[in-house]
A.B. asks: 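Can you keep this structure in mind? I'll have questions shortly.
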Amino acid sequence: QVQLKESGGGLVHPGDSLRLSCDFEGSAFSTYIIAWFRQLPGKEREFLAAVAGSGRDPQYADAVKGRFTISRENSQKRSYLQMDSLAPEDTAVYYCAAGVGYRLYPNSIRTGAYPNWGHGTQVTVSS
């Protein structure tokens, strides 16, 4: 059974950076694709980034490409989402998700590709 726990959210100012962490509890972490999504109140969960077990060639949503960086440490069973140049529109609850897979697929941007989810961490960007 897989459990995920996000941490690192908080209140920051526009232009600040924040790094989110996702801790994975379970086995065979390197065989899972890890993805990050976010959700605003009343809206659908939005794909941000995904990375396969090798850590190479991550995939990003256009909205965050160049500002957000996804990474993973397989030895620590942890993924990170480094977020730079944050803006008020980045305010949301951020979730990490995990699904078995050795490489990214076109479907990797969809919530349905991930049976395992954390409870989320709130990020608020405000002056």
Side-chain angles (χ1 to χ4, degrees):
Q1 186 176 355
V2 171
Q3 290 188 327
L4 302 171
K5 182 176 174 62
E6 304 91 342
S7 60
L11 172 63
V12 296
H13 297 298
D16 284 353
S17 296
L18 202 59
R19 189 177 77 162
L20 305 182
S21 298
C22 173
D23 287 304
F24 176 102
E25 188 174 319
S27 59
F29 176 68
S30 64
T31 67
Y32 283 80
I33 296 168
I34 301 297
W36 287 88
F37 290 76
R38 66 186 178 190
Q39 188 168 24
L40 280 71
K43 297 211 170 180
E44 292 188 355
R45 216 160 275 193
E46 173 191 14
F47 170 79
L48 300 175
V51 63
S54 68
R56 296 192 301 265
D57 300 323
Q59 185 175 7
Y60 294 96
D62 288 342
V64 302
K65 198 175 294 183
R67 294 193 303 127
F68 290 10
T69 303
I70 189 172
S71 61
R72 62 190 294 160
E73 287 186 36
N74 287 345
S75 63
Q76 300 296 319
K77 294 186 181 180
R78 182 175 292 161
S79 172
Y80 300 100
L81 185 69
Q82 175 69 39
M83 305 186 295
D84 298 321
S85 302
L86 285 164
E89 52 265 34
D90 294 315
T91 295
V93 178
Y94 285 69
Y95 297 89
C96 68
V100 174
Y102 289 95
R103 63 179 181 88
L104 299 180
Y105 299 87
N107 204 42
S108 295
I109 67 171
R110 305 193 185 283
T111 57
Y114 303 97
N116 306 289
W117 292 83
H119 292 293
T121 186
Q122 175 71 46
V123 172
T124 302
V125 185
S126 175
S127 55

A.B. asks: Are D23 and R78 close enough, and set up right, to give a salt bridge (charged side-chain N to carboxylate O under 4.0 Å, His left out), and what steps lead you there?
C.D. replies: CA-CA 5 Å; D23 287 304; R78 182 175 292 161; 2.6 Å; yes
A.B. asks: Please step through side-chain contact (heavy atoms from CB on, under 4.5 Å) for the pair Q122 and T91, ending with a clear verdict.
C.D. replies: CA-CA 8 Å; Q122 175 71 46; T91 295; 3.9 Å; yes
A.B. asks: Consider side-chain contact (heavy atoms from CB on, under 4.5 Å). Of L18, D16, V12, which one does V125 pass it with?
C.D. replies: V12
A.B. asks: Do the side chains of V100 and F24 join up, straight or via other hydrophobic residues, at under 4.5 Å, putting them in one cluster?
C.D. replies: yes
A.B. asks: In Å, rounded to the nearest 0.5 Å, how long is the span from CD of E44 to CD of Q39?
C.D. replies: 8.5 Å
A.B. asks: Under the side-chain contact (heavy atoms from CB on, under 4.5 Å) criterion, do L48 and M83 qualify, and how do the steps go?
C.D. replies: CA-CA 11 Å; L48 300 175; M83 305 186 295; 5.8 Å; no
A.B. asks: Kindly confirm or rule out a cation-pi arrangement of R72 over F29, judged by NZ or CZ under 6.0 Å from the six-membered ring centre and within 45° of its axis?
C.D. replies: yes
A.B. asks: Strictly by modelled atom types, are Q82 and R19 linked by a side-chain donor-acceptor pair under 3.5 Å?
C.D. replies: no
A.B. asks: Do D57 and R103 sit within salt-bridge range, that is, some charged N less than 4.0 Å from a carboxylate O?
C.D. replies: no
A.B. asks: Rounded to the nearest 0.5 Å, what separates atom OH in Y94 from atom CD in E46?
C.D. replies: 8.0 Å
A.B. asks: Hey, can you tell me if F47 and F37 have their rings parallel, tilted or perpendicular (30° and 60° cut-offs)?
C.D. replies: perpendicular
A.B. asks: Compute whether any side-chain donor of one residue and acceptor of the other, for W36 and S79, lie under 3.5 angstrom apart.
C.D. replies: yes
A.B. asks: Can L4 be reached from L81 by stepping across I, L, V, M, F, W or Y side chains whose heavy atoms are under 4.5 Å apart?
C.D. replies: yes
